[in-house]
Structures are given as structure tokens and as C-alpha cells.
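Numbering of ligands and ligand atoms starts at 1, following listing order. Just so it is clear, the structure is predicted and the values come from calculations on it, not from any experiment.
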Amino acid sequence: MNKHSLNSTLSLTAIFLFALFFILPSSTAAQPPPAVMNAAETEQALKKLTVLGSALFVAAHPDDENTSMLAYLSGERLVRAAYLSVTRGDGGQNLIGTEQGALLGVVRTQELLAARRIDGAEQFFTRAIDFGFSKSPEEALRIWGHDAVLADVVWVVRRFRPDVIITRFPSTGEGGHGHHTASAILAAEAFAAAGDASRFPEQLKYVRPWQPKRLLWNSFFRRGAGGGGGGGDQPSTSGLLSVDLGAYNSLLGKSYTEIAANSRSMHKSQGFGSAERRGTAINPLQHLAGDATARDIFDGVDLSWRRVPGGEAVGTILGEAHRAYRPANPQATLPLLVRAHAAMVKLPADDPWVAGKRRELLEVIRACAGLWVEAVSTEATTTPGGEVRVTTTLVNRSDYPFRIESIMPPFGTSPQTVNADLKNNQPLSTPLTVRVPASAVVSQPYWLRSAPGKGTYAVTDQQLIGTPENAPDLQATINVLTPEGERLVFTAPVMYRWTDRVRGELYRPFTVISPIAVNLEEKTYVFPDRQPKQVRVVVRSNASDVAGTLRLRAPAGWRVSPESMPLALKSRDEEMSAAFTVTPPPDSSIGPLAIEFDNMNGGGVSGSPARGVMRIDYDHIPLQTLLPLAESKLLRLDLQKKGERIGYVMGPGDEIPDALRQVGYTVTLLSDQDLDNANLSAFDAIITGVRAYNTRARLRQQQTRLLDYVAAGGTLIVQYNTSDESLPGNLGPYPFRLSRDRVTVEEAPVTILTPDHPLLNTPNKITAADFDGWVQERGLYFPNGFDERYQTPLATNDPGEAPLRGGLLVARHGKGTYIYTGYAWFRQLPAGVSGAYRLFVNMISAGK
Ligand SMILES: [Zn+2]
């Protein structure tokens, strides 16, 4: 959380502006295969089966969670541990790619799940959107909608039933970010409300009220005491409840702080690679509500099977199984485990404890039998109404005489009777053909299926709320019989498997996608004048024999020609492109551009919106397939420009070059070699991308060359960087100091300090109207101390704060112009904010 400012900025309106990239299936994303636990993990899991306890950790964002605490709770205390992140981190900045907004939320969701696979905890969310940095909890709760988000926290508490809730932040504001404080307020309110049947009674259709035993704050006493846990100076904890998160687990060969570092390093989009820490790490826990204790987190909680009515017998058998377990002969434990299963099945299945432990027990049975269970498809995708061939394969690596009874394919297809013995190490494969119903929902994260509200995602299905991700699109259920006549029901998500020549065997989730993928090349089409533009639509068939009509829907005043276009694609993966001519209205105008597709063969509704296909593909998370609506934005703006050629030094990724091409500039992305050797004087302006100096070491080396380019008459525009050792001492021609000053309210008034400054007049006359319609924020990391030779034509500030002039610094240097700017152009331009285009073009034109 101390580094959290990295994770704090997004545009509410930009959330749904998906980039409709056409990424073809060359994916290599890592999806965990259906692994079998090794002996140490199995022993750990056996021990855990005997413990019934749970703890819920609550904070605001991906990265806030104390991964040491989660690893300790799960691995040392052997309870169910979970992290409830109020948001999915949609508002942060992305250090590994171009995803922003909702797409970044998808990446961060998967990063949290990857972290949980390491620290052993579970993951939940609310519907709240991370709308960017917030200076107060009141603002956060107002934008989210207090009651809606509280309802979600209560829902997660009622469903997960934690004995203890632990907050990362205090409700008193020391957590800094308004979201942090709000998460603590919500946790306290949910602690009080979850057990009260009169609160959120609509939830009681699915869950019962639940009163946790106590609410604790995992307090921090010093800088750096966040995520990774202790080490270094130990705080005084006399009289306080405290835990040693540095404890060592000999089965796993790691301390919980070491596990935590591995887990935390999954937050790669935030650049949170973490060092492993060893040694005692005392963490204090302050009592906030419920039963007070100085003894133990779970003091007074029965952590045994006695807490489930009729469960004591199960606990006894599982305890025996744990004692009997021998790594060299795991299958000897199977008869006891099967007995435990039989005893568990008699307990009420709607008891969350029983349901959770049954899943755990099946995994332990699988481990003790070395039982491999998989369901693999011949294709990676299919479409609603399509067919897919799936092969389930089971391999029993024990002498225990399991028998496959039947396989239940998804979608209510009739069960396939197998009745075959699973002999030791003899794979048993069963091919199935599955027809996906025409009504099947296509693969799109459930919280992105409808347009979001301002502060929360629109999710109407109560049962989905809180869950981290979609259930698998396709799942096979396999009934396995034991010699005792016990039926074990294994489920396997259908996966597509392939072998990469370098990385070996890889898996990805099988997905149901729409019959055609329609992708537009731009998220905003910008018309700087009355000239028509070609809008090229690329259509790819995901099924055979797709035919219909494609139509562009533009706002009033815009003309599209032709009005519609017939479409016929014979085979799967066939691609065609269609060009429409779009003519803008004479005056400024902005509106949505949608695509409709009438599917003649698929029984689709006339005028139904078309979808694109996009994939998010990183090594540390499973491949994500999204099917966003094929839509874009049309912007006609009044824009004069000077200069033609721009050199752009890309940092970790932004979409400014594309935005500039849209208004007619020729943009060259400058490589490190170009920085060394290219003839810079060929460029009318050189622009550095957001955080370019933080990520491109060569920039620091060639800063003098860039300033010489300015002195010789060039224009250099430096967008925001964060203050660190990567910055050159001469970031500008005169000194200035970067700060963490930011203006988070996107409507915050901008004052024009020097109305006759050329930057505000040439070639576009800038007025107050040009600051209308901005998204997410005004800007960030403004310099707060600068040489007097810098001119500051603008000032802005958040409500109740002092005006900040550092968002735009301009200086003449030799014959040229140097500009440093922390205004959030990288959000405004892709979002189609016309005033931002006008001012940005003035900056480019400053030397002309
Ligand atoms: Zn945070």
C-alpha cells in the first residue's frame, strides 16, 4: 500500500472504450494444468481438512493485501483465508502493457488469482469500480454508491462466513487513498450488518445472516510495513494481539514471508516484484469490534468439525487419515479418505463448510491416488449452436480399484455411461461430442456484460456478485465409483492444450465466442476537418457459413456510405474487410459508432450489436478472451495544426501516437538506436510517452542530445514521469522538482493565468470550454518547484486545495521550446476529448 499511488488513476468514461485489437490465436498464456499435489502439499492439505476456521482480509485494491498474512492464515493456521478487494484495480497504471480501465481490471483480477494460487487464499470482489485516486472516503463511497457496495461486502461475509475480519487500513484516514479508508469503513459496517437479518434481507433467499467473532486491524507502525510483512525494526506490540508472519513451514520449505514475496510478485502490471524476506516478522492486530482478546486471532472459535452438526465423526476419520498418511505409500490412506467422504456426504450440502471441505477432500483423494483428471477439447473455441469434441482422460496411479461410472457432459447433454475400471497407470479416455446451445452466453467477464454505472459494474445476478471470475465456459463432470460403492464426483473445466516448441505443454480455457468477430481499428475516429474518412471494419468468421448484413450506426448529422454491406464467409477463420465512408457534420460533434450484424443463418435478432474478440495474453496469467461490443466513437472537432512529423519515445505504453495520427500527424516511434543516431532535426516535435524516462534507460543517456535538439529549434514535450533515480539531472533546460501533486477531480476548474500566451492561442484559441468533458483526472505528478524561467500558463486544483501551476511548464531554450506536462493527455486523447486535442496540438506547434 505504500507504493499504492501507482495504482490510482482511470477514467470513468474510458472504462468501456475497449481497444478492439485483432489478436490471432498465437497465444502462449500460462494456464495451470490440472496438477496433482505432491507429498508435502498433500500432507499439508490433509492437516487442513481437520481445521474449520476462516478469516477474511479486506482492503481496496489489488496489491493492498498483506500476502504474508494470507499465507500465514492459510498455511500455518490452516483456515480458509480470503482477500476481499473492494475494487479490481481498474484505475491504476499499467507497467506491462496498454490495457487501461476495465481491461486493466481484468488483468489485475487474474494477477490476484495467480497470487492466491501461491499463498493459498481465495479471492473476492465487490462491484465497485476503481475510478482513480480519491482524496476522501466520502467521495469514494458517494461515487460507488455506499449502499450498493456495503451490500456486496455483507454478501461476501454472509457467503464466506469468516470467523474473523481483518482490515488492512484504519477507518481514520492514515491509509491515505480515500478508497483505503472507505474499505475499512465498509468492513466495520458489514461486521455490524451481516448478522442482522433486517439488513439486506433480499440476500437471505440465498444465504443466512452471519456474525463474525471479531474485527481486527492489521495495523502498520512504520513506513514499509505493508504487503510483504515484517522484517527490519519490530514494532512494540506489548498488550496487543500479534502474529509472527515470518514463521517457517518445514513441509513447504518456506516461511510465510517467502511465500508472500512470490505471491506479491504476481502483481506484475504494477511492477511489484518483491524480495523474499526471512526471519521473524511480528504483525500487530488491533481490536476494532466483537470479542476482544490478546491471546489469539481465533480465540474462542471452535476450529474443529464439531462446529458442523453431525460433523464430529468426519473430523475423527480425517484426523486418523492425517496421522496414517505416509508419503511413500499415499494410497494406503485412500480407504480412510473414502470413509470420510461417505460421512461428509451425509451432512447438509448447503452448509458452506461441508461444500468447501468436500472440494478439498476430492483434491486430497486425487493426490493420494495420483489421479489425473482432464477434459481437453480439439478446438480452442466454438460458437453458440456449434459442436466441440472433448476427450476426458483419467489416469489412476495407484492400485486402488476406482471405476469410472459415467461422464456428464455440460449443457444437460445426456450422460455417457462408461463403467470401466481405472487400472494402475492405464489412461482411460472417453471422447464426447458436445453441442453448445444456441442460447449459450459468450465468453465475456460477467461484470463487463452490461454497460457499467459511474461507480459500480452492473451485475444483476446476485449469485455472481463477489465471485472473482466467470465459471468455465465448459465443464465435464465425471462420476467415479470406489469399491465401497461411494460415488466421487470430479469436475474438470474443458481446456485446450497445445505444445509450444520453446515453452512445452500449455493450456488455455476453452471459450464460447460469437459467430463473427467484428473489429474496428480505432477506439475513437477523430475528424479534424470536414473531410470524410474511411472506417475499415475487419470481420473474421468463428464458424462456417456465416452470412448476413453489416451496418454502421452513426450519430445524427453524420453520414455513412454505404448504409449496409452484405457479408458471406464460407469457412471458419475466413476474414474480410469492409470499408465505409464516414462524413462528419460541419460543426463539432461527438457520439458513438456502433456496428450491427443481422445473422441470416444464426437466427440472430435483426439489428443485434456485433462483438469483437480480444485476448489478453501474459505469461503470468491464463489467457483471457473478451468479446466486447464492436463500438467506437466519432469525434468532429475544430482543429488547426502546424508541423507534420513527430518523433515519439514510447514508455511502458500509451495511445497518444495513434491519437496524433488520427489528426494527420506522421508519428515515428523512436527506438534506442534512433535516440543515439537518428537525425532528430527532421522532427517538428519530439514527445516522450508517459513514464518514458522511468522505463527507457537510453533517454537518460541521450538527454543532452534531446536538449541540443531543442536549442537548435526543436520542440520537446515531456509527459509525466515519477520521481526516481532513472531521471536525468537535466530533465529540463532549467531545474524543476517532481512531486506527487495531483488533481483527481476531472471537472476541477482550470484557470488560464496568461490568456495571451502563444500556447493558448496558436494555432487554436484555448478557452474554458476546452477543459470540459475531461475524464478521470486533470493530471498527476505535477512539478511543485521550478525555475522562474518556466512559464506556467495554467493552474488547477482539487476542491479546497491550493492552485497548482506545475501541470504545464514551458520554456524557451535556444531557438526551441521545452514543455513538461503532467496533465493526463494519455487519458484524454484516446477518450476523444476535443479540448485536449486542441491544446496538445498547440504544444506540438509551439516552435512553429
Ligand atoms: Zn490500494
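How far CD1 of I118 is from OG of S265: 8.0 Å, rounded to the nearest 0.5 Å.
Listed by chain and number, the residues in a side chain to side chain contact (heavy atoms under 4.5 Å, CB included) with Q463 are W155, R159, Y206, D461 (sequence neighbours excluded). Every residue two or more places apart in sequence or in another chain was checked for a side chain to side chain donor-acceptor pair (under 3.5 Å) with Y820, and none qualifies.
In terms of distance to the Zn ion (ligand 1), the nearest N, O or S atom of H61 is named ND1. When the Zn ion (ligand 1) is compared with the N/O/S atoms of D64, atom OD1 turns out nearest.
Residue H180: an N/O/S atom is found under 2.8 Å from the Zn ion (ligand 1).
Under the 4.0 Å criterion applied to side-chain N and carboxylate O atoms, E65 and R116 are assigned as salt-bridge partners.
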